[in-house]
**Student:** 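Below is the structure I would like to discuss, written out as structure tokens.
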There are 2 protein chains.
Amino acid sequence: MSVTQPVRSPRRRAPRNSLNADRILDAAIALLDRDGAEAFTMRALAQELGVGTMAVYSHFRGKDEISDAVAQRLMDTIELPRTGTGDPRGELREVCRGVYRLFTEHPSALQLLTIRPLRGDDAIAVIDRMLDLLRRAGLDRTAAARAHVALMQYTVGSALWNTRRARALCEEGVRDRVRAKLDALPADRYPALVSLAPELLCAQDQRTEQYEFGLDGILDGLLGGGRGL
Amino acid sequence: MSVTQPVRSPRRRAPRNSLNADRILDAAIALLDRDGAEAFTMRALAQELGVGTMAVYSHFRGKDEISDAVAQRLMDTIELPRTGTGDPRGELREVCRGVYRLFTEHPSALQLLTIRPLRGDDAIAVIDRMLDLLRRAGLDRTAAARAHVALMQYTVGSALWNTRRARALCEEGVRDRVRAKLDALPADRYPALVSLAPELLCAQDQRTEQYEFGLDGILDGLLGGGRGL
DNA sequence: ACCTGAACACCGTTCAAGT
DNA sequence: ACCTGAACACCGTTCAAGT
């Protein structure tokens, strides 16, 4: 029978060397940010690139190696504030906000980043900068190390919390169901919660303000002289 | 040919009603804590129960529903300190430590818990208690709501960070590789990091002390009067 | 009703083969 | 060397069937 070429040709063979590690990482980040971590699939990634699934394996050993490379690449996009004349506290605040912004701008990559936080030249530069600022703020060696870890933990936790929330709230009706559940709580059993329900919902909406509220509190507590009373 | 019964009989049929939601949740938590989240599989869960894969579906709609129930069950195991005569700050500290302990004792369930933190009667009681204590500590309505969220975010972030670290460090040789990497860093480029490397490694090892260091800092900052200088 | 295996549409990855 | 599809061992879940 005379047939034309199949209407939907499955895919013409990709020209040699049209694929490389950079293109793959770009596509991976785009895929993660657009469709979320659970859609980050070798098959989906290959399709995003217009290429057979196995083509990617010529450039990376496997999915884990791609994840690592994505995490490293993202960390390298953090911009450090100019090493200022200003106070250490203000600079520290800026560095933390930069890390937080990165985490929330690439929500799906956040979990990749929390696994091995010590990758990438710029990530290391961030850590070095934070430690330096903490020392200059007057903390001793042990306190500086601990304060750095605490700040990173808070930042990771805050970003994770907010992105999970944001994703959940995207689903239809979740917002109303949460509100209804809060309204249905017995006020005699949970008086504080029922009373503060509006403020709680508001706090979760104003995510940047919420992060900065906690950040300022932590910085006050860690830098401000000693255990206050 | 004459054959005996197969040496390994695949599985005798489970007696009726030997399975129920509680047994399934017990097995799920055991599986999660023992083998980790990535081993939490419907097939593995059924095997743990000595039952066909699909038997579980008679009691739960699917894996998501089991995850939700696990999260709720775990949250209900948090013990609140006796509503003390003591200072709000000390009680608040105890509640946070309880939440942190739960998160670290069930590391694999942590991610389940971060998705929908508002499930379960006891979880709600924890929230109510924290809000009440924050109010009694003198915070206004907005500050109490924000402080509660910040404390939860820090606690989740800290538990997540530590359990990821702990799991990574279990792998053979990771510990030495991290140390080697830190030693190999150019001291002129990252002076603070190289100098504080021992303190950093130490801070990540002493996990409970690290959590409490940050917790005390946050409590100081949030409760101690105003922005210090 | 409760439990079962077969089957379906996915997943990451191995392998032998094309160019 | 770079890219390909077929195949393998997994996964969650649907379905028709057994008891």
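Below, read A as the first sequence line, B as the second, and so on, with proteins coming before strands; counting in each chain starts at 1. All of these numbers come straight from a predicted model, not from anything done at the bench.
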**Student:** Report the distance from atom CG of B:L49 to atom C1' of C:dC2, rounded to the nearest whole Å.
**Tutor:**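 My rounded result for the distance is 14 Å.
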**Student:** Looking at A:L160, is its backbone amide N or carbonyl O close enough to the side chain of A:T163 to form a donor-acceptor pair, meaning the two atoms are under 3.5 Å apart?
**Tutor:**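 A pair under 3.5 Å: yes.
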**Student:** Between A:E212 and A:R93, is there a side-chain N and carboxylate O pair less than 4.0 Å apart?
**Tutor:**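 Salt bridge between A:E212 and A:R93, a charged N being under 4.0 Å from a carboxylate O: yes.
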**Student:** Which ranges of DNA chain C pair up as stems, where a stem means three or more consecutive Watson-Crick or G-U pairs with both distances under 3.5 Å?
**Tutor:** C:4-8 with D:12-16, C:12-16 with D:4-8
**Student:** Would you mind reading off the distance between A:F60 atom CZ and D:dC3 atom P, rounded to a whole angstrom?
**Tutor:** 12 Å
**Student:** Say whether A:N162 and A:Y100, considering side chains only, have a donor N or O and an acceptor N or O under 3.5 Å apart.
**Tutor:**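 Short answer, yes.
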**Student:** Taking atom P of C:dC11 as reference, at what distance in whole Å does atom CG of A:L31 sit?
**Tutor:**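 Distance check: A:L31 CG to C:dC11 P gives 11 Å.
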**Student:** When you check every protein heavy atom under 4.0 Å of nucleotides 12-19 of chain C, what one-letter string (B, S, -) results, 5' to 3'?
**Tutor:** BBBB--BB
**Student:** Nearest whole angstrom, please: distance from the P of D:dC10 to the CD of B:E38.
**Tutor:**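 In whole Å, D:dC10 P lies 15 Å from B:E38 CD.
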**Student:** So, B:S158 versus A:Y154: side-chain donor-acceptor pair below 3.5 Å or not?
**Tutor:**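 There is no such pair (donor and acceptor under 3.5 Å, judged by atom type) between the side chains of B:S158 and A:Y154.
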**Student:** Run the salt bridge (Lys or Arg N to Asp or Glu O under 4.0 Å) test against A:D132 and tell me which residues pass, sequence neighbours left out.
**Tutor:** A:R136
**Student:** Whether A:K63 and A:D68 form a salt bridge (side-chain N of Lys/Arg under 4.0 Å from carboxylate O of Asp/Glu) is what I want to check.
**Tutor:** no
**Student:** Roughly how far, to the nearest 0.5 Å, is the CG atom of A:D22 from the NE2 atom of A:H59?
**Tutor:** 11.0 Å
**Student:** Could you tell me the separation between the CZ atom of A:R23 and the P atom of D:dC2, rounded to a whole number of Å?
**Tutor:** 15 Å
**Student:** State whether A:D176 and A:K181 are salt-bridged, where the test is any N-O pair (Lys NZ or Arg NE/NH1/NH2 against Asp/Glu carboxylate O) under 4.0 Å.
**Tutor:** no
**Student:** In whole angstroms, how far is the P atom of C:dC3 from the NE2 atom of B:H59?
**Tutor:**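 Rounding to the nearest Å, NE2 of B:H59 and P of C:dC3 are 4 Å apart.
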